[in-house]
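Let me begin by presenting the structure, written as structure tokens, before commenting on it.
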Number of protein chains: 2
Amino acid sequence: MTVTIKDVARLAGVSASSVCRALANPGGVRPDTREQVQRAVRELGYVPNRTARALSTGRTGNLGIVLPDLANPFFAGVVKAAQTRARALDHSVFLSDIDEDPAVETLLIRALLRQVDGFLLCSPRSSDEELRALHGKVPIVLLNRRLTPFPSVTLDAASGMTQALLHLHVLGHKRVAYVAGPRTSWANRERLRGLRSAAESRPIEVIEVGTAPPTVEGGAAMADVVLRTGVTAVLAFNDLTALGLLNRLRDRNFHVPEEISVIGFDGILLSSLVSPALTTIGVDMERIGQAGVDLLLETMADPAHPPAHRKLPTQLIVRSSTDVVRPH
Amino acid sequence: MTVTIKDVARLAGVSASSVCRALANPGGVRPDTREQVQRAVRELGYVPNRTARALSTGRTGNLGIVLPDLANPFFAGVVKAAQTRARALDHSVFLSDIDEDPAVETLLIRALLRQVDGFLLCSPRSSDEELRALHGKVPIVLLNRRLTPFPSVTLDAASGMTQALLHLHVLGHKRVAYVAGPRTSWANRERLRGLRSAAESRPIEVIEVGTAPPTVEGGAAMADVVLRTGVTAVLAFNDLTALGLLNRLRDRNFHVPEEISVIGFDGILLSSLVSPALTTIGVDMERIGQAGVDLLLETMADPAHPPAHRKLPTQLIVRSSTDVVRPH
DNA sequence: CGTCAGTCTGGAACCGTTTCCGGAATATTG
DNA sequence: CAATATTCCGGAAACGGTTCCAGACTGACG
């Protein structure tokens, strides 16, 4: 039924170990046996069984990617890039969508533990302790979260927020709201922190508004709260939230950007398609996914190596959802 | 380092085979040994090595999902649902994004062949022959493609197209364009067929317009071609394409829906957020992913069983991108 | 109490590959 | 040509489970 290394060995007239060597390091066998083996491999269409190899070597050639919500185009983009990169480096990818539920996160990880060589955790929602408990068991790279002793890929939220606030400042805004993301999100805290510190040196007041699931619905639900604060501009945790705001504001007959400016975060494709097109703090999802995989593979190659960190730039993309403050 | 079945066996004072039995079918061992084993398992935190199990049983507990483009929210939605369903049924998921490249599709499949118990192929781009060559090697369920002898989950495109055309008919449209998707897409052919057959019984002419990558850019690129045809309405292969059209038409100062009506396909969230909100033929992505996994698991359980087919309904969602024809 | 059926258990083989080890064959050197 | 160094190969063990098989034990029954 399925062709194994022994079939190849028999056909090539050599032993299984020679077949193995011929394939693993072709220099380790005589040219003629290598030729024999290769011919047999071709003839039988032999493909090594990676499961068996994994058992024997302890390396699976698989990566695990865990993320909060694949329906968020940001994560979809990151995963796509990561998967592509992983394949280029001859690795396959296990995908786990935890649906924003911190509880299943560590469970999922433990379930996949022995089936992967390492994990890429995208915006993990677990507590510091839970994550740390995993350290040493398996190589892990954190995306969108910084936590000793893990390597990580993060975004320069402070820079993005500074750019955004400068933009708003120039437009004359004095009071801005921040619609927060999940409490368990490190990126959320980081963005708020960046925003606050950017506001310190300017005559701008930042008002934090509740916490919303980082989705369109979540953003929509916060629109009324934002309006009640009387701010002239609002920054959202991410684009999805901003889009929800945009929509609900329109329903309320509030005009963006004339009456209120809106700024998102991520720069998903979608944000350029709505109208008014969303001003947002853009990031390079492709680079994030790619950097994550690269870092992970480095960590796997040398787990003892001190954890590396990559902080990727953010870039304010000014579109049509922000404008000067007008008296009314 | 890592705790194996032998460690459990030693601690429990039984043999490895008993541990195995105690875990696999608890009824097969005496209550007190079962208790011993369970205690040892808990104490050591033993988790069976699925790789080893796979080698021994031939079943991996993994599913492979292959799709053309994760950046398309339709596929992201389907994968999310499929992954969730798979986990509920105690299976993990390998993800492969082929980036719309038919060539890598079968390669990827073959690479994962022995690491999964079955494949869910979403809108596969390979030829009938290539796919058929895989039959018998591994259980496969096709999504968005019907091809003997595979089980499949498809959409009732004909119904959706009929609903759409009826809608346009009522609005007075006589000439409509169809912006095609990839040539290799079965769904594309099916949608066009459905559209044509729906048009037959009505005084409506359907003009097929080139083929575009099923993306926003692809749709945008086709806008001018559509305009040159002088149609009053255009149906796009999918929402992304429709969104691209919408955008480019706006750039050209063409008003939707006053001057031209636009209809999409899929009903991705995004389509409701743009303005004008897109009229589209909606599908239940969650159900698609779930049905796909269910079908696949049934097929895996009994490969000899005649292939099952699920044709899921489509539902026209009328929003603001369609309106009556106006003379000008 | 002996026999038998039935239950439970441990040992061993096996899944497909890798890797270590020792020996055979070949090449190198004096 | 003998002695030694080197290359190449096959056998066997190992990875961590599962499953078959045969034997030990239990209880029931005559």
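Per chain, numbering begins at 1; letters A, B, ... match sequence-line order.
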Q.
Walk along nucleotides 12-23 of chain C from 5' to 3' and tag each nucleotide B, S or - by protein heavy-atom contact under 4.0 Å, base first, then sugar-phosphate.
A. ---BBBBBB---
Q: Check the distance between D:dG16's C1' and B:Arg59's CZ and give it to me in whole angstrom.
A: 17 Å
Q. Taking everything shown except B:Arg189 itself, do over 12 heavy atoms lie less than 6.0 Å from its CZ?
A. yes
Q: Quick one: pull up CG in B:Leu108 and CZ in B:Phe119 and give me the separation to the nearest 0.5 Å.
A: 8.5 Å
Q: Could you check how far CZ of A:Arg30 sits from P of C:dA25, rounded to whole Å?
A: 11 Å
Q. Heavy atoms, side chains only, cut-off 4.5 Å: are B:Arg85 and B:Asp294 in contact?
A. yes
Q) Is the closest basic N to carboxylate O distance between B:Glu298 and B:Arg310 below 4.0 Å? A) yes
Q. Should the heavy atoms of other residues, nucleotides or ligands under 6.0 Å from CZ of A:Arg59 be counted, would the total exceed 12?
A. no
(Q) Can you measure A:Leu113 atom CG to D:dG16 atom C1' for me and round it to whole angstrom units? (A) 15 Å
Q | Whole angstrom value for the distance that separates C1' of D:dG16 from CD of A:Gln115 | A | 13 Å
Q.
For a 4.5 angstrom cut-off between non-hydrogen side-chain atoms, does B:Pro213 reach B:Glu100?
A. no
